[in-house]
Amino acid sequence: MDSLPVRSVVIGDIPALVIENQWATACILLQGAQVVQFQPHDAAPLLWHNPEAEFQLGKAVRVGIPICWPWFGALDKNPQAVQTSFPLEAAPAHGLARTELWTPVSWSTDDEGCTVSLQLQSLPDDFPLIPTLTVQVGKSLVVALTTVNCSEQSVSYSQALHSYFPTDDIAQTQVNGLDQCRYLDALDDWKLKTQQGEVQFSEETDRIYLGSPEHLSISLPGQTPSIELDTSGSASTVVWNPWLEKARWLSQFDDSAYKTMLCVETATADADAITLEPSQAHTLKLSISS
Ligand code: TA6
C-alpha cells in the first residue's frame, strides 16, 4: 500500500507536516501555517533555504512563506480603517498569524497533487476574521489564504504571503513585470514613485508596488530556470532585499545572506487593503512554479 503523502514531524519545537508525492516534497509548519520547503523532484528548490532559521514556538521563523495577517508591516503604517479594525495593545510587525498554531482541518489528493487545509482557530471568540490556508503540493506550489468576516460589522485588513526566494547571486537577479508600476518606497519616507524598467538589485530594496499584475517572474543567474509567480486576489506586490547593512542586524540572517535571497510578496497592502462586509470572504492566491 502506498505510504500516506502527509506525515507529522517536529522541527525544533514546532509541529509540522511533510508532504511527499510524485511531484515534490514540501514542509508546512503548524505555527503560522508557514510553508518552509518546496522541492520539486525534477528541479531546484523554489523557496530559499535559510541555515540560520530558528524553529522556536512563538517566534517568527525567517524562511519560506510567512503569512502576514491581518495586517502587513507595522499596524500604525496601515490605512486608518485597518488600524480601527484591530484596536490591540500589542501589534506585532506583520500581524498575529505567523506565531499562532494553526489546526490542520483536511487533506486530499488528486491528479493535481496533495492539498492540505489549515485554519487559525486559536484567536479570541470575538475576533472578527477567520483565516484558512490551503496548500497544494504538485508540479507547482499553490497557496491560498481565505479570510471570512464572521462578525456583524465591516472589517478592513491587509495581508501578504511573504515569500523568500533563492538566487545564486542577487546582483544577477531581476523581477519581471513591474515596469511602470507605482510603488511606495519604504526607504524614502514612503514616497510614491514609478518603477523604471524591470526590478534589479544593487542596494537595500523595500517597496510596495500598487496595482501589480497577476503574473510576475524572477530571472535568475546562469541557466537556472526563472521562477514564475501567478496570483489572484492580490493587488500589491512587496519586493524586499535587506542588502549589506540591514543584513548585519537582522535576526536569523547571515551577514552575507542578502546575496542569495529576495522576497517577492503577494499582498493586498496599503491602499489595496481589503474591506469585508459581514459573512463576506476574500482569497489571496499564489502559484509558484519554474
Ligand atoms: O516585506 C518587507 C518587510 O516589511 C521589511 O521591511 C522587513 O521588515 C521584512 O518585511 C522582514 O520583516 P520581519 O518582521 O519578518 O523581520
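Note that ligands are numbered from 1 as they come in the structure, with each ligand's atoms numbered from 1 the same way.
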Peer 1: Please identify which atoms of ligand 1 are closer than 4.0 Å to at least one heavy atom of E265.
Peer 2: 1 (O), 2 (C)
Peer 1: F72 heavy atoms, cut-off 4.0 Å: which ligand 1 atoms fall inside?
Peer 2: 1 (O), 4 (O)
Peer 1: Mind checking what makes side chain to side chain donor-acceptor pair (under 3.5 Å) contact with Q200, not counting sequence neighbours?
Peer 2: Q174
Peer 1: Suppose we measure from atom 3 (C) of ligand 1 to each protein heavy atom; which comes out shortest, and what is that distance?
Peer 2: H94 NE2, 3.8 Å
Peer 1: Can you list every pair that meets side-chain hydrogen bond (donor to acceptor under 3.5 Å, both in side chains) and has a residue in residues 264-278, with sequence neighbours left out?
Peer 2: S156-T275, Q159-T268, H162-E265, S236-D272
Peer 1: In terms of atom number and element, which parts of ligand 1 are under 4.0 angstrom from non-hydrogen atoms of V238?
Peer 2: 1 (O)
Peer 1: Please state which protein non-hydrogen atom is closest to atom 8 (O) of ligand 1 and give its distance, to 0.1 Å?
Peer 2: K246 NZ, 4.2 Å
Peer 1: Under 3.5 Å, is there a donor-acceptor pair between the S117 and W107 side chains?
Peer 2: no
Peer 1: Between E54 and K59, does any NZ, NE, NH1 or NH2 come within less than 4.0 Å of an OD or OE carboxylate oxygen?
Peer 2: yes
Peer 1: Side-chain contact test, heavy atoms from C-beta onward, threshold under 4.5 Å: evaluate it for I65 versus L47 and give yes or no.
Peer 2: yes
Peer 1: Look at K193 together with D185 and state whether they make a salt bridge at an N to O cut-off of under 4.0 Å.
Peer 2: yes
Peer 1: Tell me which one of R62, H162, R207, R98 gets a heavy atom nearest to atom 14 (O) of ligand 1.
Peer 2: R98
Peer 1: Students should be able to answer this: which protein heavy-atom is nearest to atom 6 (O) of ligand 1, and at what distance?
Peer 2: D206 OD2, 2.6 Å
